[in-house]
Trainee: 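Dropping the structure in here first, questions after.
A note on names: the letters A, B, ... follow the listed sequences, proteins ahead of strands, and every chain is numbered from 1.
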Protein chains: 2
Amino acid sequence: MSKCEQCIVREFSSLKSLSKEELLNISGCKTSKTIKKGEVIFEEGESLNGVYCVKDGICKLTKLSANGKDQIVKLVVKGDLLGQRSLIVNEAVNLSAVALNNMEVCFIPKDEIFSNLKNNSDFSMDMLKQMAHDLKESDNVIVNMAQKSVKQRLAEALIYIHTSFGVDKEGFLNVILSREDYASVVGTATESAIRVLSQFKKEGLIATSGKRIKVNDVEGLKRIE
Amino acid sequence: MSKCEQCIVREFSSLKSLSKEELLNISGCKTSKTIKKGEVIFEEGESLNGVYCVKDGICKLTKLSANGKDQIVKLVVKGDLLGQRSLIVNEAVNLSAVALNNMEVCFIPKDEIFSNLKNNSDFSMDMLKQMAHDLKESDNVIVNMAQKSVKQRLAEALIYIHTSFGVDKEGFLNVILSREDYASVVGTATESAIRVLSQFKKEGLIATSGKRIKVNDVEGLKRIE
DNA sequence: ATTTAGATATGATATTTGTCATGTTTTGAT
DNA sequence: ATCAAAACATGACAAATATCATATCTAAAT
């Protein structure tokens, strides 16, 4: 079993303040897991007995709305933890996590996290910082949802994915979402998302090949009203 | 100067895990402040050197959107802390705080908070819990904004204010918001908010007297589609 | 290579929401 | 009590978005 201490992901994650001994403890009780594209890591309402540390791959966090549609609340990458929020308040998770490509995750049991929170104030602080950051992001999302048009939201989603997750050798976005997923990110009907993407394509702001999307003109997307 | 130890607000707030000594320290360096209805406590972009503990009154947290409209992100009551998020990540505040009625707040300097975070893991834990809770709330708001109609959002806002902040002897909501504020809570045009409220009134779901609103039929509001 | 379900695309139309104009009511200051 | 400014209200219309229908494309399974 690989050691957490040597995991490249560690330096990006909230785990960076843990000492060698603490990391060894985690290594000893963690379980690695491979998750295939499309598979569910956990589902809204489930109780988790620990957190997942994302070693590789990308997943979406979704929440089921009253009208039966899924809303994508966040995209999660390498280095992020999954499930820490619900662990801390000791509740069932409020979001579902679904892999968007093949993933490598490590499951770290609850007790391990709590004992480190209790004994290592730097770790607590990092966790606090992570949550404070997430909270700020959430505030931004709320304002965007409330005040911007579908076109603007979709343009921003494309820019966000472009800059945060990067592109492959051909220039296509590394994160591949279905049109339905895009609709679910910006909170609109699938047809509306398709229409707006078609328009962006006509205007040369993006190019597509199947479900792969290439962002040609970030500045142009920023100017969308 | 009044002592934090005796402050009724303490038991509701994240400060509840602090020891007598820690509270005495805070008492010694805190400053009490009276804030009048409509006054700004802090503005988006400002740097805070501490947090505000709300002793009495209600305020709104708003964020200016790119189109120049304010979005109300959260309503804050007795017992809540203001500014802890920005303190923890050491950034300027991302929201403005404006009093909705006369308020009593205490300002607690940064160092005091940090030293307690470092030395009292229960306090850190309470802070984490508070943020985890806020994060869950934010997720819910995001989904509602993205998936529900203005009518539904306004109905839910009324229910939320009704149940969370209560009513006066005559049955009117304790929190008095202008129509513009309601629009800003649900993310719509002021005229739209006015129209929907008028409709709710016609349907007998609410009653109004000036800007005061009485919720007559919570169940009816829940059924709004 | 063929099939076929699912995804993407687009038109037609309905519904929701925003904007502008204008009138009325409320509120607070004098 | 009076007045002005702000808040509230409502109509008419425009724009954005959703919904339904249907056609085409794509990718995975046989």
Trainee: Once you round it to whole Å, what is the distance between C1' of dT15(C) and CD1 of I224(B)?
Mentor: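 These atoms are roughly 16 Å apart.
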Trainee: Think S149(A) has a side-chain N or O under 4.0 angstrom from the OP1 or OP2 of dA16(D)?
Mentor: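 No, outside the criterion.
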Trainee: Can you check the L154(A) CG to dT8(C) P distance for me, whole Å?
Mentor: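 L154(A) atom CG is separated from dT8(C) atom P by 13 Å.
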Trainee: With respect to the phosphate group of dT16(C), does any side-chain polar atom (N or O) of S192(B) fall under 4.0 Å of OP1 or OP2?
Mentor: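 No, outside the criterion.
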Trainee: When the distance from NZ of K148(B) to P of dA18(D) is rounded to whole Å, what number comes out?
Mentor: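 My rounded result for the distance is 16 Å.
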Trainee: Using only heavy-atom distances, determine whether the side chains of Q199(B) and E203(B) contain a donor-acceptor pair under 3.5 Å.
Mentor: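 Short answer, yes.
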Trainee: Atom NZ of K36(B) to atom P of dG28(C): distance rounded to whole Å?
Mentor: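 It works out to 15 Å between those atoms.
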Trainee: Of all the choices, dT17(D), dT19(C), dT17(C), which nucleotide is nearest to the side chain of K69(B) once you look at every atom?
Mentor: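 The closest nucleotide is dT19(C).
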Trainee: Taking the side chain of I194(B) as heavy atoms from C-beta outward, which of dC20(D), dT17(D), dT10(D) is closest to it?
Mentor: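 When the side chain of I194(B) is considered, dT10(D) is the closest of dC20(D), dT17(D), dT10(D).
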Trainee: Just by modelled atom types, is the I161(A) backbone N or O under 3.5 Å from a matching donor or acceptor in the S164(A) side chain?
Mentor: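 Such a contact is absent between S164(A) side chain and I161(A) backbone.
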Trainee: How do R153(A) and K37(A) order along DNA chain D: which one's closest nucleotide is nearer the 5' end?
Mentor: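 The residue whose closest nucleotide sits nearer the 5' end is R153(A).
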Trainee: Between dA18(D), dT10(C), dC8(D), which nucleotide has the shortest distance from any of its atoms to the side chain of S198(A)?
Mentor: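 Shortest atom-to-atom distance from the side chain points to dT10(C).
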Trainee: Would one find a side-chain N or O of T190(B) under 4.0 angstrom from OP1 or OP2 of dC8(D)?
Mentor: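 Negative; the distance criterion is not met.
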Trainee: So, are D181(B) and K60(B) salt-bridged, with charged N and O less than 4.0 Å apart?
Mentor: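 Yes, charged N to carboxylate O under 4.0 Å.
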Trainee: Closest approach to the side chain of E191(B), judged atom by atom: which nucleotide of dA7(D), dT17(C), dT19(C) is it?
Mentor: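 Nucleotide nearest to E191(B)'s side chain: dT19(C).
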Trainee: Quick check on DNA chain C: between R195(A) and A146(A), whose nearest nucleotide comes earlier from the 5' end?
Mentor: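 It is R195(A) whose nearest nucleotide is closer to the 5' end.
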Trainee: Going by an N to O cut-off under 4.0 Å, is there a salt bridge joining R153(B) and E156(B)?
Mentor: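 Between E156(B) and R153(B) there is no salt bridge, as every charged N stays at least 4.0 Å from the carboxylate O atoms.
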Trainee: Take atom CD1 of I206(A) and atom P of dT8(C), then tell me their distance rounded to the nearest Å.
Mentor: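 The distance from CD1 of I206(A) to P of dT8(C) comes to 12 Å, rounded to the nearest Å.
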Trainee: Check the distance between dA27(D)'s C1' and I176(A)'s CD1 and give it to me in whole angstrom.
Mentor: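 For the pair I176(A) CD1 and dA27(D) C1', the rounded distance is 13 Å.
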Trainee: Cut-off 3.5 Å, side chains only: do D168(A) and N174(A) have a donor facing an acceptor?
Mentor: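 On atom types as modelled, these side chains do not qualify, holding no pair under 3.5 Å.
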Trainee: Could you state the NZ-C1' distance from K211(A) to dA27(D), rounded to the nearest angstrom?
Mentor: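 Interatomic distance, NZ of K211(A) to C1' of dA27(D): 9 Å.
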Trainee: Starting at OH of Y182(A) and ending at C1' of dT17(D), how long is that distance when rounded to a whole Å?
Mentor: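 Rounding to the nearest Å, OH of Y182(A) and C1' of dT17(D) are 20 Å apart.
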